[in-house]
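Inspection log for the structure reproduced underneath, given as structure tokens.
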Number of protein chains: 2
Amino acid sequence: MRHARLPASEEIALEDVFHALSDPFRLEVVRRLAVEGEQSCQALEGDRPKSSVSHHFRVLREAGLIRTRNKGVSRMNALRRDDIEQRFPGLLACVVPKSGG
Amino acid sequence: MRHARLPASEEIALEDVFHALSDPFRLEVVRRLAVEGEQSCQALEGDRPKSSVSHHFRVLREAGLIRTRNKGVSRMNALRRDDIEQRFPGLLACVVPKSGG
DNA sequence: TCGATAGTTCGATATTTTTCGAACTTTGGC
DNA sequence: GCCAAAGTTCGAAAAATATCGAACTATCGA
């Protein structure tokens, strides 16, 4: 299983982040990861076939928004909060519902 | 000349804003409007033909990012700073170079 | 090792965007 | 009214994305 490339924090490009977040499904995924923490792809798929879900997670990963690790038979996706905050301070706050504040 | 619709502040959709800003040319336009203030389309066109420039300004307008008014023979485009800030506080700060502060 | 589960990759098709020329509209100046 | 300048709109062609099934990979448990 070849893993898709993960940009370093400094390499995250604003255009790519915006493109990734311009899709309603992906925006919702990011919001849920922000609120609920690390999740498997399956936990966030709607009715979509898995190839479509996988595609959207890949876009998020390549944009630098999420990181994926193996956990048993599934893969857990986590928002790269600190990396994003460091690179584009305040961006996440615009995206996620105000989280306990 | 039928004017493209301009969403009210409350109608501005985050997906649309992100889509509008995911294009390098449009992102640059927004940055320049932020720094230099109101500009004609011509002042910001690169080498592009005017139909292409017009298209990009329309995307920005329909996303709710800019407002356009007639000024003599040209049209001046202004960033909808307050509307955007009201709807998505902090978003513009992620996009524009830190402006004296 | 076999089967099941969770994702990924590939390939083809569909949809959306972008690009650009040509024709058109609006405004200003003569 | 006529011409030029600045944009807009239309239409067609090119490019980028999204969708989805099928085949493939990796991990767990029996």
Side-chain angles (χ1 to χ4, degrees), chain A residues 1-6 13-30 32-33 36-79, chain B residues 1-6 13-30 32-33 36-79:
Chain A
M1 206 185 279
R2 233 175 75 274
H3 289 251
R5 75 179 213 87
L6 188 79
L14 196 51
E15 286 92 333
D16 293 345
V17 169
F18 284 151
H19 169 249
L21 295 176
S22 69
D23 179 271
F25 175 71
R26 293 192 297 252
L27 184 58
E28 184 59 21
V29 165
V30 166
R32 291 193 53 187
L33 293 180
E36 303 168 24
E38 203 181 42
Q39 299 289 333
S40 68
C41 299
Q42 203 193 17
L44 300 181
E45 90 192 7
D47 295 330
R48 286 164 211 269
K50 24 194 220 162
S51 54
S52 177
V53 174
S54 187
H55 162 72
H56 288 297
F57 275 92
R58 185 218 272 249
V59 172
L60 289 171
R61 207 154 38 226
E62 295 189 345
L65 286 165
I66 66 175
R67 162 185 296 121
T68 304
R69 72 181 179 93
N70 287 348
K71 184 182 181 186
V73 82
S74 47
R75 308 191 71 199
M76 299 302 281
N77 303 282
L79 195 55
Chain B
M1 205 187 279
R2 231 173 78 275
H3 290 250
R5 74 178 214 89
L6 189 78
L14 195 52
E15 285 92 333
D16 293 345
V17 169
F18 284 152
H19 169 250
L21 295 175
S22 69
D23 178 88
F25 175 71
R26 293 191 297 252
L27 184 58
E28 184 59 23
V29 165
V30 166
R32 292 194 53 188
L33 293 179
E36 303 168 25
E38 202 179 43
Q39 300 287 334
S40 68
C41 300
Q42 203 192 20
L44 299 182
E45 91 192 3
D47 294 331
R48 285 164 211 268
K50 23 194 223 161
S51 54
S52 176
V53 174
S54 187
H55 162 71
H56 287 297
F57 275 92
R58 185 217 272 247
V59 172
L60 289 171
R61 205 154 39 225
E62 296 189 342
L65 285 166
I66 66 175
R67 161 184 296 122
T68 304
R69 72 182 178 93
N70 288 349
K71 183 183 181 185
V73 84
S74 46
R75 309 191 71 198
M76 300 301 281
N77 303 281
L79 195 56

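All of these numbers come straight from a predicted model, not from anything done at the bench.
For the pair D23(B) CG and dA15(D) C1', the interatomic distance rounds to 13 Å; values are reported in whole Å. Look at CG on L6(A): it is 13 Å from P on dT8(C), rounded to the nearest Å. Atom CZ in F25(A) sits roughly 9 Å away from atom P in dT19(D) (whole-Å rounding). Separating the CD atom of E45(B) from the C1' atom of dA5(D) is a distance of 12 Å, rounded to the nearest angstrom. The interatomic distance linking F57(B) (CZ) with dC20(C) (P) rounds to 16 Å, in whole Å. Computed from coordinates, the Q42(A) CD to dA4(C) P distance equals 16 Å when rounded to whole Å. With rounding to whole Å, N70(B) atom CG is found 9 Å from dT8(D) atom P. The distance from atom CD of Q39(B) to atom P of dA6(D) is 14 Å, rounded to the nearest whole Å.
In this structure a side-chain-to-backbone donor-acceptor pair under 3.5 Å is present from R26(B) to A20(B). In this structure, the side chain of S54(B) does not engage the main chain of S51(B) through any donor-acceptor pair within 3.5 Å.
The phosphate of dC20(D) (OP1 or OP2) has no side-chain N or O of R48(A) nearer than 4.0 angstrom. A sub-4.0 Å separation between OP1 or OP2 of dT18(C) and a side-chain N or O of R26(B) is present. The phosphate of dT8(C) has neither OP1 nor OP2 within less than 4.0 Å of any side-chain N or O from R58(A). For the OP1/OP2 pair of dG7(D) and a distance below 4.0 Å, the side-chain nitrogens and oxygens of R69(B) include no atom meeting the criterion. Proximity of H55(A) to the phosphate of dC20(D): no side-chain N or O atom is located under 4.0 Å from OP1 or OP2. An OP1 or OP2 oxygen of dT8(C) is reached within less than 4.0 angstrom by a side-chain nitrogen or oxygen of S54(A). Taking 4.0 angstrom as the limit, S51(B) places none of its side-chain polar atoms (N or O) nearer than this to OP1 or OP2 of dT9(D). For the OP1/OP2 pair of dT27(C) and a distance below 4.0 Å, the side-chain nitrogens and oxygens of R75(B) include no atom meeting the criterion. Remark: H56(A) is not in phosphate contact with dT17(D), judged by side-chain N or O atoms under 4.0 Å from OP1 or OP2.
Checked by distance alone, S74(A) brings no side-chain donor or acceptor within 3.5 Å of a matching partner on the base of dG7(C).
Between dT17(D), dT5(C), dT18(C), one nucleotide has an atom nearer to the side chain of H19(A) than all others, and that is dT17(D). Closest approach to the C41(A) side chain among dT17(C), dA18(D), dT8(C) is made by dT8(C) (side chain taken as heavy atoms from C-beta onward). Comparing dA6(C), dT19(D), dG7(D) by their nearest atom to the side chain of K50(A) picks out dA6(C).
For the pair S52(A) and V73(A), nearest-nucleotide mapping onto DNA chain D gives the more 5' position to S52(A). Two residues, K71(A) and V59(A), neighbour DNA chain D, and the one matched to the more 5' nucleotide by heavy-atom proximity is V59(A).
Test R75(A), E38(A), R61(A), R58(A) against T68(A) for side chain to side chain donor-acceptor pair (under 3.5 Å) and you get one pass: R61(A).
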side-chain contact (heavy atoms from CB on, under 4.5 Å) evaluation trace for H19(B) with V59(B): CA-CA 9 Å; H19(B) 169 250; V59(B) 172; 4.3 Å; yes
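One distance of note links CG of L21(B) with CG of L65(B); it measures 5.0 Å at 0.5 Å rounding.
Between F18(B) and F18(A), the ring planes lie parallel to each other; the angle is under 30°, not in the 30° to 60° tilted range.
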